[in-house]
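Below: the structure, in structure tokens.
In listed order, ligands and their atoms are each counted from 1.
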Amino acid sequence: MPATLLADANQRLEKALRYVTIHEDAVERLTYPKASLTVSIPVRMDNGSLRVFQGYRVRYDDSRGPTKGGIRFHPNVTLDEVQSLAFWMTFKCAALNIPFGGAKGGITLNPKELSKFELERLSRGYIDLIADFIGPDVDIPAPDVYTNPMIMGWMMDQYSTIRRQITPAVVTGKPITMGGSLGRETATAMGAFFVIQTIMPKFGRRPTDTTVAVQGFGNAGAVIAELLYRAGYRVVAVSDSQGGVYSEQGLDIPSIRKLKEATRGIKAVYCEGTVCSGINHEAISNAELLELDVDILVPAALENQITDDNADAIKARYIFEVANGPITSAADVILEAKNIQVFPDILVNAGGVTVSYFEWVQNRSGYYWSLEEVNHRLKEKMTSETELIWAIAHEFSCSMRTAAYIHALNRLGEAIEAKGTRDDYTS
Ligand code: GLU
């Protein structure tokens, strides 16, 4: 694997560049993040001590509009990771034709170790330090791994206090009462569901004869597992960070969600209630889940789950990337050789940022939409862009990932070229 995550992300770009004719100036611009901010956030802990946390915000490219992307709270957050995530956001917004550039933020911590008050002070302290770097027309944060509407609400409130103006459009994924959009919490999974429903009939697959394994049981994983279950797919395995469960007959996903909410873990609880009576099931690890012989594999946890170490052992026929960057570029090559169809993150998980865009539009117009309207517009966007990317993949006989990058690059190239390239300055 290349030395950094960002270098690995850039390899996808290189592949797609073979099929597009964008100016070399645009390529040069897209190779580097526009601006990266590192901050040290002092937080007064509940016991009176002071801890300083490292935080980042990266604005990768704003050629197509203000930059957009989530903020993650995780022990593995580094500047390199945040830069790659901001790179992906740039291509995701372009692939979906959302008028935003790409950004990302993160704070290095284990959020489970902090009390709610400590998390609030940390969130507000982070906004104090990045306030001049963000704004409704500059850069708009949102939730990501281990951040949620409550945290977005604190952040919006802090920004509004600094600016002395209620500014809902500075952050998306807020609580509904603070200007959040209906449907935002389920949007990532719902968007992925629309992609799956658009793609599977093309392979002649019906839900009832299709098995699914979902890695990750957070906001995205749990909801996509339930949507697929309700649509008739046989969801045979799910996992969270502690481990997972497998049942050849299929799992009762709504019951697992209830148990997970009550006890915070899948592995420990699944068999203690009545839900598993009559179901043959076994405990499996996250690594085992990835290697199951299923039709659809949905990695919905973190990046770098399928690498050149385990790609050879993957048996799924179709992989839908709900997480950002779960497959490395080296693993892509191995999966392609095995004829496994991979549907890329920048398309599959774009439902989140799409409804974030809807939220920003609603905040700026001051007029709020019904859930039906949000989901209808989301479906329309996800379906039409999936079809366009599918057509590109067929035109160039390339993977859906490369097709999604081609699609995004065409739009990014046009925006960058509109501002002038070497040819404009030398002719
Ligand atoms: N964190 C989400 C993503 O990776 C959503 C970003 C947003 O809504 O701005 O796509």
(request) Please list all pairs passing the salt bridge (charged side-chain N to carboxylate O under 4.0 Å, His left out) test where one or both residues lie in residues 167-196, with sequence neighbours left out. (result) Lys174-Glu359
(request) Would you check if the distance from the ring center of Trp390 to the ring center of Phe203 is below 6.0 Å? (result) yes
(message) Can you confirm whether Ile166 is buried at CD1, in the sense that more than 12 heavy atoms of other residues, nucleotides or ligands lie under 6.0 Å from that atom?
(response) no
Short N or O separations between ligand 1 and the protein, below 3.5 Å:
residue  : atom   : partner : partner atom : Å
ligand 1 : 1 (N)  : Pro143  : O            : 2.9
ligand 1 : 1 (N)  : Asp144  : OD1          : 2.7
ligand 1 : 4 (O)  : Lys92   : NZ           : 3.2
ligand 1 : 4 (O)  : Lys104  : NZ           : 2.9
ligand 1 : 4 (O)  : Asp144  : OD1          : 3.4
ligand 1 : 4 (O)  : Asn324  : ND2          : 3.0
ligand 1 : 8 (O)  : Arg184  : NH2          : 3.0
ligand 1 : 8 (O)  : Ser356  : OG           : 2.5
ligand 1 : 9 (O)  : Lys68   : NZ           : 2.8
ligand 1 : 10 (O) : Lys92   : NZ           : 2.6

Atom pairs and distances, side-chain donor-acceptor, residues 332-339, under 3.5 Å, sequence neighbours left out:
residue : atom : partner : partner atom : Å
Asp332  : OD1  : Arg401  : NH2          : 3.0
Asp332  : OD2  : Arg12   : NE           : 3.2
Asp332  : OD2  : Arg12   : NH2          : 2.9
Asp332  : OD2  : Arg401  : NE           : 2.6
Lys338  : NZ   : Asp312  : O            : 2.6
Lys338  : NZ   : Ile314  : O            : 3.1

(message) Tell me which one of Asp345, Leu85, Asn324 satisfies side chain to side chain contact (heavy atoms under 4.5 Å, CB included) with Lys92.
(response) Asn324
(message) I'd like to check the ring-ring contact (aromatic ring centres under 6.0 Å, His included) partners of Phe358; sequence neighbours left out, ordered by chain and number.
(response) Trp369
